[in-house]
Amino acid sequence: MALQDGIITLTGSLGEIVGYKRKGKLCFRRKAKHVRRSEATKESATDFGAASKAGKLIRQGVRQGLNIRTDHQLVNRLNKELLKVLYASSEQRGFRGFKREEIAALAGFSFNKETRLDRLLNFRPKVVQSKEGLRIALPALTARDIRHAKNTTHIEIKVIAVGVNFNGGDYQDAVTDKVMIDFREPAAAKELILPFKAGEEETIVVLQITAYHEWNGSMYKLDNLKYFAADIIDVIPSLPQEEEVNMVHQTKTERKPLFQLLGDHTYAVPQRE
């Protein structure tokens with residue numbers, strides 16, 4: 001392995017040279033002339049490919065609503081977690097698929113590896129399904145309830161939901177809602193509402209916290225890795241049509257394989273300050 005340190009950089013193949021990124025740095029190496037792979041190696045590569053595709057679907061879907069800086073290890077970290085899910089779903093190497101009750105293990109994954117959501121909040125957000133969609137109730141939060149930098153004046157709390165079909169290789173447009181909490185005003189309970197009908201697809205729900213500083217009437221985002229976070233707080237599997245609404249989602253569900261998303265729904269993105 002060699003580092004690229006010139007004006008012209010390379011990613012991908014060029015003759016016998018392959019350019020790639022490792023830990024945020026550009027590197028290159030020579031292509032192997034002969035590659036011997038056993039059947040077990042090929043099957044493991046198939047599983048890794050399945051996890052990588054699933055990770056790409058999640059990143060692409062969530063990216064529509066996510067507005068924090070992610071780390072350069074995000075791809076590998078997410079793929080690693082998805083491989084665990086894949087291995088737990090089946091022991092048949094090379095032919096594994098994602099099962100609903102195992103995908104729930106993705107809850108808690110952090111898009112910012114430096115700071116988890118539970119380091120900033122003193123409560124655990126809970127996703128509730130109702131006729132209106134997905135709801136997350138927020139208690140009256142003050143500066144003492146949210147870990148923040150000294151110059152923070154506002155905290156934005158944002159929820160993102162995206163429907164993902166892992167086995168079909170597709171995702172729906174992300175739906176978001178957000179509230180802005182001003183530390184200088186009296187605290188009040190708030191609620192995030194998403195017009196998203198969970199249950200027709202495998203739904204990834206992410207809660208994001210971003211800190212701001214207001215100066216001369218303008219808002220400036222604080223880019224300190226210690227004070228912003230975005231975690232998967234719930235993974236809601238597809239449910240039978242006869243399931244009742246207005247229920248609190250439980251991460252453990254009946255053992256059924258994933259199936260493709262139903263319909264081609266898109267939703268408006270509500271925004272609240």
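- Residues V127 and V179 share a hydrophobic cluster, clusters being chains of Ile/Leu/Val/Met/Phe/Trp/Tyr side chains in contact below 4.5 Å.
- H148 pairs by the ring-ring contact (aromatic ring centres under 6.0 Å, His included) definition with F183, not counting sequence neighbours.
- Here the side chains of K221 and T210 are in contact, with some heavy-atom distance below 4.5 Å.
- Remark: R147 CZ to D145 CG distance equals 14.5 Å, nearest 0.5 Å.
- Across all non-hydrogen atoms, the minimal contact from V162 to Q172 is CG2-O, 3.1 Å.
- When all heavy atoms are compared, the tightest approach of F123 to A137 is CE1-O, 4.4 Å.
- For the pair N112/L225, a side-chain contact is recorded, criterion being any heavy-atom separation below 4.5 Å from C-beta on.
- Summarising the local packing, NZ of K25 is surrounded by 12 or fewer heavy atoms from other residues, nucleotides or ligands at distances under 6.0 Å.
- Side-chain contact check for L134 versus I193: every heavy-atom pair is 4.5 Å or farther apart.
- The shortest heavy-atom contact between L82 and A54 is CD1-C, 3.8 Å.
- Side-chain contact between D223 and F228 is present, with at least one heavy-atom pair separated by less than 4.5 Å.
- Taking CE of M180 as the reference point, atom NZ of K190 lies at 11.0 Å (rounded to 0.5 Å).
- Annotation: the span from T115 atom OG1 to I209 atom CD1 amounts to 10.5 Å, rounded to 0.5 Å.
- Taking the side chain as every heavy atom from C-beta outward, D231 and V206 never approach each other to under 4.5 Å.
- Pairing each heavy atom of P125 with each of L121, the nearest pair is CG-CD1, 4.2 Å.
- To the nearest 0.5 Å, atoms CD1 (I103) and CD1 (I58) are separated by 8.0 Å.
- Between R184 and E214 there is a salt bridge, since a side-chain N of the basic residue sits under 4.0 Å from a carboxylate O of the acidic one.
- Looking at heavy atoms from C-beta onward, L83 lies out of side-chain contact with N79 at the 4.5 angstrom threshold.
- The heavy-atom pair separating V235 from A107 by the smallest distance is CG2-N, 4.0 Å.
- We find the CG-CZ distance between L86 and F166 to be 11.0 Å, quoted to the nearest 0.5 Å.
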Working for side-chain contact (heavy atoms from CB on, under 4.5 Å), residues R124 and D118: CA-CA 7 Å; R124 183 177 179 179; D118 56 13; over 6 Å; no
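- Under the 4.5 Å side-chain heavy-atom criterion for ILVMFWY residues, a single connected hydrophobic cluster contains both I146 and L138.
- Scored by the side chain to side chain contact (heavy atoms under 4.5 Å, CB included) test, F109 finds L74, R77, L78, E81, F111, I232 as partners (sequence neighbours excluded).
- At a threshold of 4.5 Å between non-hydrogen side-chain atoms, the residues T70 and L66 count as touching.
- V75 and V18 are not part of a single hydrophobic cluster, where members link through side-chain heavy atoms under 4.5 Å apart.
- Side-chain contact annotation: N165 with E202, donor-acceptor N/O pair under 3.5 Å absent.
- Across all their heavy atoms, G65 and A174 have their closest contact at N-CB, 4.5 Å.
- Inter-residue side-chain proximity for E102 and Y87 is flagged as unmet; no heavy-atom pair is nearer than 4.5 Å.
- Checked options I157, D234, I160; the residue passing with L207 is I157 (criterion: side-chain contact (heavy atoms from CB on, under 4.5 Å)).
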Audit row: D177, K158, side-chain contact (heavy atoms from CB on, under 4.5 Å) steps and yes/no: CA-CA 6 Å; D177 192 16; K158 183 178 186 180; over 6 Å; no
Check against side-chain contact (heavy atoms from CB on, under 4.5 Å), E156 and Q208: CA-CA 8 Å; E156 180 190 87; Q208 172 187 279; 3.8 Å; yes
Criterion side-chain contact (heavy atoms from CB on, under 4.5 Å) on K226 and E114, from CA distance to verdict: CA-CA 7 Å; K226 295 181 180 180; E114 298 295 332; over 6 Å; no
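- Among residues two or more places apart in sequence or in another chain, the side chain to side chain contact (heavy atoms under 4.5 Å, CB included) test is passed with H213 by N151, T153, W215, L222.
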